[in-house]
Amino acid sequence: MEKKKVAVPLVCHGHSRPVVDLFYSPVTPDGFFLFSASKDANPMLRNGETGDWIGTFEGHKGAVWSCCLDTNALRAATGSADFSAKVWDALTGNELHSFEHKHIVRACAFSEDMHLLLTGGMEKILRTFDLNRPDALPREIDKSPGSIRTVDWLHSDQTILSSCTDMGGVRLWDIRSGKIVQTLETKSPVTSAEVSQDGRYITTADGSTVKFWDANHFGLVKNYDMPCTVESASLEPKYGNKFVVGGEDMWIHVFDFHTGEEIVCNKGHHGPVHCVRFSPGGESYASGSEDGTIRIWQMGPVADDNDSYSTNTPPGKQKVGADEVAYKIESFHITKDELRE
């Protein structure tokens, strides 16, 4: 009997608690990068292709719920349970700014032009911070009907997207008026909302469904029922013909965008999958789990071995093998004591 072929992911160790958010940078002259947020309060930067650990941003005193990189992967931002959002130098690991809030920050996103940082969380307030004037008071939109779970930008920074922790729907806000211009209706709270790389679609996960919306006219394009409660979904960026889903069943499912047919089911995590994201070229996708690991899965040929290939020993012991990111390592791992000086 022919041995069943299974996908063998790159397994990225290092986080000591659940991984709750993942973010891929666009392709830069130095390659592309994978940023991870974890309840261990130590967000990490990795080589997006190999999973090799580059560095850890130290300074938060609570779980880090959200992470993002700017377009050039030169700055990083994080939102935390310590009531702050921080902006970091992604080359050195130095903290550039810390924006204090009055409650947990669940989500953050850089604007397309990289001048603004958008945050949202338990305060039910959307804030935009001017990174050119970090000492200035942020602009606030305080009309969110519930605590904020996800945020993103649309339409060349003219529209803000947000979802709530405790109610369904995705709300689209006009940045000039601060008012809701459209609501994408869902039955369950939206746990993941992603704007496609080409700006055509908004991909949402709510309950046990994945939906695709027209990002310009806001109509529902596709609606697929999933085999389990899902927490995250991501559309393949190059061709837009596949999407990946992760959730409570601990498996990573890949589906055909046009038909909803399951193409691949990858097993390997030992806890619910909280976040999935495609790499910018669509050649791989990453998953983050309650088990504290990140797994990077290739879209190419599968292997014959059932044992996952493990890479990335915990930070401090990992040697980065990729030449194009080697320069980023020096002086990157900053200690808490150094940040307080």
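Quick caveat: nothing in here was measured; it's all calculated off a predicted structure. The analysis underlying the following values was restricted to heavy atoms, covering all of them including side chains, and did not include hydrogens, waters or symmetry mates.
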State which residue, out of Pro138, Pro134, Cys108, fulfils the side-chain contact (heavy atoms from CB on, under 4.5 Å) condition with Phe129. Pro138
What do the steps show when you test Lys179 against Asp174 for salt bridge (charged side-chain N to carboxylate O under 4.0 Å, His left out), and what is the final call? CA-CA 6 Å; Lys179 295 180 179 179; Asp174 181 86; over 6 Å; no
Is it true that the side chains of His274 and Ser232 contain a donor and an acceptor less than 3.5 Å apart? no
Decide yes or no for Cys12 and Arg295: does some side-chain heavy atom of the first lie under 4.5 Å from some side-chain heavy atom of the second? no
Report yes if the side chains of Val170 and Leu161 come closer than 4.5 Å at any heavy-atom pair, otherwise no. yes
Treat each ILVMFWY residue as a node, draw an edge where side-chain heavy atoms are under 4.5 Å apart, and state whether Leu69 and Trp88 are in one component. yes
Correct closest heavy-atom pair for Gly199 and Val195 would be CA-CG1, 4.3 Å
With side chains defined as the heavy atoms from C-beta onward, is the minimum distance between Pro189 and Cys164 less than 4.5 Å? no
Short side-chain donor-acceptor distance under 3.5 Å, Thr191 and Glu231: no
Between Leu116 and Asp130, which heavy-atom pair has the shortest distance, and what is it? CD2-CA, 3.8 Å
Does Leu74 offer a backbone N or O that forms a donor-acceptor pair with the side chain of Asn72 under 3.5 Å? no
Exam field: side chain Asp21 to backbone Cys67, donor-acceptor pair closer than 3.5 Å: yes
Single-linkage hydrophobic cluster, 4.5 Å side-chain cutoff, Leu96 and Leu131 together: yes
I need the minimum non-hydrogen distance between Glu185 and Trp213, along with the two atoms involved. O-CH2, 3.4 Å
Between the side chains of Asp206 and Lys211, is the shortest nitrogen-to-carboxylate-oxygen separation below 4.0 Å, so that they form an ion pair? yes
Please evaluate residues Tyr239 and His258 with respect to the criterion ring-ring contact (aromatic ring centres under 6.0 Å, His included), reporting the C-alpha separation (whole Å), side-chain torsions for both, the decisive distance (0.1 Å), and the verdict. CA-CA 12 Å; Tyr239 302 107; His258 301 288; over 10 Å; no
Is it possible for you to say whether Val254 and Trp251 belong to one hydrophobic cluster, with membership spreading through side-chain heavy-atom contacts below 4.5 Å? no
So, applying ring-ring contact (aromatic ring centres under 6.0 Å, His included) with Phe35, which one of Phe110, Phe23, Phe57 is it? Phe57
Spell out, yes or no, whether Leu10 and Leu22 are grouped together once hydrophobic residues are joined by side-chain heavy atoms under 4.5 Å, including indirect joins. yes
So, does Asp291 use its side chain to make a donor-acceptor pair with the main chain of His269 at under 3.5 Å? no
Sub-3.5 Å donor-acceptor pair from the side chain of Ser196 to the main-chain atoms of Arg200, do we have one? yes
Given side chains that start at C-beta, do those of Ile252 and Val273 come closer than 4.5 Å, heavy atoms only? yes
In terms of heavy-atom contacts, Ile296 and Gly48 come closest through CD1-O, 4.2 Å
One should read off an interatomic distance between Ile104 CD1 and Ser66 OG, to the nearest 0.5 angstrom, of 13.0 Å
Exam field: side chain Ser38 to backbone Arg17, donor-acceptor pair closer than 3.5 Å: yes
With a sphere of 6.0 Å drawn around CD of Glu261, does it hold more than 12 non-hydrogen atoms of other residues, nucleotides or ligands? no
Looking at Phe278, Phe255, Tyr201, Tyr285, which one forms a ring-ring contact (aromatic ring centres under 6.0 Å, His included) with Phe243? Phe255
Can you check side-chain hydrogen bond (donor to acceptor under 3.5 Å, both in side chains) on Thr293 and His15, steps first, answer last? CA-CA 7 Å; Thr293 67; His15 285 298; over 6 Å; no
Check whether Thr150 reaches the backbone of Ser192 with its side chain - one donor and one acceptor, N or O, closer than 3.5 Å. no
Pair Ser162-Trp173, side-chain donor/acceptor within less than 3.5 Å: yes
Trp65 side chain vs Val20 backbone, donor-acceptor pair below 3.5 Å: no
Gln197 side-chain N/O to Pro280 backbone N/O, donor-acceptor pair under 3.5 Å: yes
Can a donor-acceptor pair be found between the side chains of Trp297 and Ser284 at a distance below 3.5 Å? no
Counting only N and O atoms by type, is there a donor-acceptor contact under 3.5 Å from the side chain of Thr28 to the main-chain atoms of Gly31? yes
From CA spacing to verdict: salt bridge (charged side-chain N to carboxylate O under 4.0 Å, His left out), Arg46, Asp52: CA-CA 5 Å; Arg46 299 176 185 275; Asp52 287 333; over 6 Å; no
If you round to the nearest 0.5 Å, how far is CG of Leu220 from NZ of Lys222? 10.0 Å
Min side-chain heavy-atom separation Arg139-Ile175 under 4.5 Å: yes
If hydrophobic clusters are built by linking Ile, Leu, Val, Met, Phe, Trp and Tyr wherever their side-chain heavy atoms come under 4.5 Å apart, do Phe257 and Met226 end up in the same one? yes
Heavy atoms, side chains only, cut-off 4.5 Å: are Glu194 and Arg277 in contact? yes
Check whether the side chains of Arg149 and Ser147 place a donor and an acceptor atom closer than 3.5 Å, and report yes or no. no
At what distance, to the nearest 0.5 angstrom, does CE of Met114 lie from CG of Asn132? 10.5 Å
Going through the checks in order, is the salt bridge (charged side-chain N to carboxylate O under 4.0 Å, His left out) test met by Glu123 and Lys102? CA-CA 7 Å; Glu123 287 182 83; Lys102 295 178 182 177; 5.6 Å; no
Just by distance, no angles: are the side chains of Trp53 and Thr56 close enough, under 3.5 Å, to form a donor-acceptor pair? yes
Check whether any side-chain heavy atom of Ile263 lies under 4.5 Å from a side-chain heavy atom of Lys242, and answer yes or no. yes
Keeping His101 on the side-chain end and Phe99 on the backbone end, is there a donor-acceptor pair under 3.5 Å? yes
Approximate separation, where rounding is to 0.5 Å, of Ile125 CD1 and Ile148 CD1: 8.0 Å
Please find the pair of heavy atoms, one from Ala73 and one from Ala90, that lie closest to each other, and give the distance. O-CB, 3.5 Å
Check: Asp113/Ser111 side-chain N/O donor and acceptor closer than 3.5 Å: yes
Asp152 to Ala193 - nearest heavy-atom pair and separation: OD2-O, 4.4 Å
Distance in Å, Thr128 OG1 paired with Ile160 CD1, rounded so as to fall on 0.5 Å steps: 6.0 Å
Please report the interatomic distance CD1(Ile202) to CG(Leu235), rounded to the nearest 0.5 Å. 12.0 Å
Where do Glu283 and Lys238 land on the salt bridge (charged side-chain N to carboxylate O under 4.0 Å, His left out) test, with the steps shown first? CA-CA 9 Å; Glu283 66 279 352; Lys238 191 171 183 180; over 6 Å; no
Does the side chain of Phe33 reach to within under 4.5 Å of the side chain of Ile54, using non-hydrogen atoms? yes
Does the side chain of Ser98 pick up a donor-acceptor pair with the side chain of Lys86 at under 3.5 Å? yes
